[in-house]
Amino acid sequence: VLVGGALLFAASNAVSQSTLADLSVPGATITVGDLVFYDFSNISQVGGLSVPLSSIYVVPTTDDEGNIGIQFQSAFWSLGGALQSYDLGVNFMVRTVDGTPLIEDDVLAVTGGILYDGATHVAETVLDTNDNSLSTLEVYINSTGQHTEDDSLFGGAYATIEVTKDFSMTTGIDPLSQVFVSHFDQTFSEVPEPSSALFLGLGGLVLACYRRFTR
């Protein structure tokens with residue numbers, strides 16, 4: 001049931017979207033709002049499961065907080081049986097369209113499930129253009145618990161960052177173990193642009209004056 005649900009979900013959302021095969025071509029990009037995702041590289045897959053890069057979809061997404069980013073999904077991210085494994089590694093860059101330093105944090109999330117003693121795990125590191133670490137995030141689902149969303153503030157705003165991501169799935173020793181992942185997401189919140197911040201500030205000032213003079 002879990003695996004079937006994952007297949008239906010991913011297949012229904014993967015029509016006419018970019019794939020890792022498309023994005024691994026030099027110069028390929030995907031733009032979501034005012035963010036450009038590019039230079040998808042160091043793509044590696046390890047384990048008994050074989051997933052064509054043309055079957056791993058990368059689609060625009062927006063999280064519950066309104067942050068924009070990309071979602072990775074595939075109809076083939078499912079394992080069944082004892083001691084099965086799969087690992088996907090990928091690097092990519094993110095920049096603002098006009099070069100304005102607006103990216104100030106990131107959010108990592110995973111959606112999936114397990115039966116018996118399986119586990120799934122996504123970890124990532126975010127670097128600036130000088131290879132300084134900005135954040136390390138981790139989400140997981142396993143037989144002892146789950147942590148399906150993680151986020152981190154960078155301590156400043158950036159125009160360009162690099163993301164190194166590792167996604168893994170493993171089943172346990174139980175022959176009935178099952179693991180599936182429908183998707184994992186990468187989203188970013190941004191500081192307001194100066195003009196937007198000024199507009200919001202003026203709006204607040206007008207509202208405060210209105211309240212004062214209508215008392």
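Numbers here are sequence positions counted from 1. Atom set for the values below is all heavy atoms of this structure, side chains included, hydrogens, waters and symmetry mates excluded.
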* Would you check if the side chain of His147 reaches a backbone N or O of Glu149 as a donor-acceptor pair within less than 3.5 Å? => yes

* **Neighbour count above 12 (heavy atom, 6.0 Å) for Asn132 CG** => yes

* **Evaluation steps, side-chain contact (heavy atoms from CB on, under 4.5 Å), between Phe188 and Glu104** => CA-CA 7 Å; Phe188 301 92; Glu104 65 172 357; over 6 Å; no

* Asked: Does any N or O in the side chain of Asp87 come within less than 3.5 Å of the main-chain N or O of Gln45, such that one atom is a donor and the other an acceptor?
  -> no

* To do: Could you list the residues that satisfy ring pair (Phe, Tyr, Trp, His ring centres under 6.0 Å) with Phe184, not counting sequence neighbours?
  => Phe72, Trp77, Phe167

* For the residue pair Leu176 and Leu115, establish whether any side-chain heavy-atom pair is separated by less than 4.5 Å. => no

* Determine whether the side chains of Asp34 and Thr96 contain a donor N or O and an acceptor N or O closer than 3.5 Å. => no

* To do: May I ask you to test the Pro60-Ile68 pair for a side-chain heavy-atom distance under 4.5 Å?
  => no

* Using atom types as modelled and distance alone, determine if a side-chain donor or acceptor of Glu65 lies under 3.5 Å from a backbone N or O of Asp63. => no

* OH/Tyr38: more than 12 non-hydrogen atoms of other groups inside 6.0 Å -> yes

* Thr170 side-chain N/O to Ser85 backbone N/O, donor-acceptor pair under 3.5 Å -> no

* Taking the side chain from Thr171 and the backbone from Gln84, do they hold a donor-acceptor pair closer than 3.5 Å? -> yes

* **From CD (Glu124) to CG (Leu137), nearest 0.5 Å** => 4.5 Å

* Walk me through it: do Leu20 and Val58 pass the test side-chain contact (heavy atoms from CB on, under 4.5 Å)? => CA-CA 7 Å; Leu20 269 185; Val58 182; 4.1 Å; yes

* **Any Val36 side-chain heavy atom under 4.5 Å of Met93 side chain** => no

* Asked: With distance as the sole test, does Asn42 use its side chain to make a donor-acceptor pair with the main-chain N or O of Val90 at under 3.5 Å?
  -> no

* Asked: Got a donor-acceptor contact below 3.5 angstrom from the Thr187 side chain to the Thr61 backbone?
  -> no

* Does Thr164 use its side chain to pair, donor to acceptor, with the backbone of Asn91 at less than 3.5 Å? -> no

* **Under 3.5 Å donor-acceptor, Thr100 side chain and Leu102 backbone** => no

* Asp106 vs Ser135, side-chain contact (heavy atoms from CB on, under 4.5 Å): CA-CA, chis, key distance, verdict -> CA-CA 8 Å; Asp106 69 325; Ser135 70; 3.4 Å; yes

* Could you tell me whether the side chain of Ile56 reaches within less than 4.5 Å of the side chain of Thr19, counting heavy atoms only? => no

* To do: Check whether any side-chain heavy atom of Phe76 lies under 4.5 Å from a side-chain heavy atom of Ser55, and answer yes or no.
  => yes

* pair Ile114-Ile141: side-chain heavy atoms closer than 4.5 Å -> yes

* Provide the closest heavy-atom pair for Ile30 versus Ser18 in the form atom of the first, atom of the second, distance. => CD1-OG, 4.3 Å

